[in-house]
Amino acid sequence: MTEVAFHFNAPDKLAYVCRLARKALRHRTQLVVLGSPPLLKALSPRLWSVSPTDFLAHAGEGDGADIMAFSPIVLLERLDGAPHHDMLVNLGGEVPEGFERFARVVEVVSATDEEDRHLARQRWKHYAAQGISIKRHDLVLKE
């Protein structure tokens, strides 16, 4: 069964995804980041410039199936054709159709956006109704 975790109180969701992606790659975990086109467009340059000496190679829908299959991080608007199924990072407002194909799903929730928090509660209820046990990570408590 898919493991679902909610990471609450992210002060900057995109910066947090960069940190999460770097950690996942250190553990040889491939990931798919799901989000809206504007969000993915904002995330891409941040992944390329995580630090002055570090970048996280990634691909998107326009890069073609071969490049996406080779890339450890894939940015998608929909899960159709996702080349990896290790970890899904959901930045969208809804439960992604097909999430159950992934070993792990991480839901990143904003610290300040009330709409994002409301939608996260709805996703939590959806997963719980399916009998999925959910892990909760409060990012404020980790700082």
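Residue numbers run from 1 in the order of the sequence given. Computed over heavy atoms, backbone and side chain alike; hydrogens, waters and symmetry mates excluded.
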> So, do Trp124 and Ile134 sit near enough that their side-chain heavy atoms are less than 4.5 Å apart?
Replying inline: yes
> Sub-3.5 Å donor-acceptor pair from the side chain of Thr2 to the main-chain atoms of Phe102, do we have one?
Replying inline: yes
> What is the minimum heavy-atom distance between Phe8 and Ala120, and which atoms define it?
Replying inline: CE2-CB, 4.4 Å
> When rounded to the nearest 0.5 angstrom, what is the spacing between CZ in Arg22 and CG in Leu47?
Replying inline: 10.5 Å
> What's the verdict on salt bridge (charged side-chain N to carboxylate O under 4.0 Å, His left out) for Lys13 and Asp116, showing C-alpha distance, side-chain angles and the deciding distance?
Replying inline: CA-CA 11 Å; Lys13 285 176 73 166; Asp116 189 46; 3.2 Å; yes
> Should the heavy atoms of other residues, nucleotides or ligands under 6.0 Å from CD of Glu100 be counted, would the total exceed 12?
Replying inline: yes
> Side chains of Leu43 and Cys18: does their closest heavy-atom pair fall under 4.5 Å?
Replying inline: yes
>> Quick check on the hydrophobic clustering: are Val109 and Val4 connected, directly or via other members, by side-chain heavy-atom contacts under 4.5 Å?
In response: yes
> Charged N to carboxylate O below 4.0 Å: is that the case for Arg78 and Glu61?
Replying inline: yes
>> Assess the residue pair Leu34 and Leu40 against the criterion (side chain to side chain contact (heavy atoms under 4.5 Å, CB included)); give the C-alpha distance rounded to whole Å, side-chain angles, the decisive distance to 0.1 Å, and a yes or no.
In response: CA-CA 8 Å; Leu34 186 69; Leu40 297 177; over 6 Å; no
> Side chains of Asp63 and Val74: does their closest heavy-atom pair fall under 4.5 Å?
Replying inline: no
> So Glu3 and Lys135, side chain to side chain contact (heavy atoms under 4.5 Å, CB included) or not? Walk me through it.
Replying inline: CA-CA 8 Å; Glu3 178 183 302; Lys135 293 182 181 178; 3.8 Å; yes
>> Would you compute the distance between atom CZ of Arg101 and atom CG of Leu79 and round it to the nearest 0.5 angstrom?
In response: 6.0 Å
> Are Val32 and Leu91 joined in one hydrophobic group, where the rule is that I, L, V, M, F, W and Y side chains link up if heavy atoms are under 4.5 Å apart?
Replying inline: no
> Roughly how far, to the nearest 0.5 Å, is CE of Met87 from CD1 of Ile73?
Replying inline: 10.5 Å
> Between Arg46 and Asp12, is there a side-chain N and carboxylate O pair less than 4.0 Å apart?
Replying inline: yes
>> Could you measure the distance from the CG atom of Asp66 to the OG atom of Ser71? Nearest 0.5 Å is fine.
In response: 12.5 Å
>> Quick check on the hydrophobic clustering: are Met1 and Leu88 connected, directly or via other members, by side-chain heavy-atom contacts under 4.5 Å?
In response: yes
>> If we ignore hydrogens and angles and just use 3.5 Å, is the side chain of His84 paired with the main-chain N or O of Ala82 as donor and acceptor?
In response: no
>> Which heavy atom of Leu76 sits nearest to which heavy atom of Met68, and what is that distance?
In response: CD2-SD, 4.0 Å
> Among all residues two or more places apart in sequence or in another chain, which pass the side-chain contact (heavy atoms from CB on, under 4.5 Å) test with Leu20?
Replying inline: His7, Tyr16, Val89, Val106
>> Quick check on the hydrophobic clustering: are Val95 and Val105 connected, directly or via other members, by side-chain heavy-atom contacts under 4.5 Å?
In response: yes
> From His58 NE2 over to Leu31 CG, what is the distance, rounded to the nearest 0.5 angstrom?
Replying inline: 11.0 Å
> What pair of heavy atoms forms the shortest contact from Thr112 to Ser110, and how long is it?
Replying inline: N-OG, 3.0 Å
>> With clusters defined by side-chain heavy atoms of hydrophobic residues (ILVMFWY) lying less than 4.5 Å apart, directly or transitively, does Leu119 cluster with Phe99?
In response: no
> Yes or no on salt bridge (charged side-chain N to carboxylate O under 4.0 Å, His left out) for Arg123 and Glu94, after CA distance, side-chain angles and deciding distance?
Replying inline: CA-CA 6 Å; Arg123 294 192 306 276; Glu94 299 178 3; over 6 Å; no
> Are Arg28 and Asp86 ion-paired here, with the side-chain N under 4.0 Å from a carboxylate O?
Replying inline: no
>> To check you understand the geometry: which heavy-atom pair defines the closest contact between Ile67 and Ala59, and what is its length?
In response: CG2-CB, 3.9 Å
Name the atoms and distances for all side-chain donor-acceptor pairs under 3.5 Å in residues 126-133, with sequence neighbours left out.
from, atom 1, to, atom 2, distance (Å)
His126, NE2, Gln130, NE2, 2.8
Tyr127, OH, Glu107, OE2, 2.6

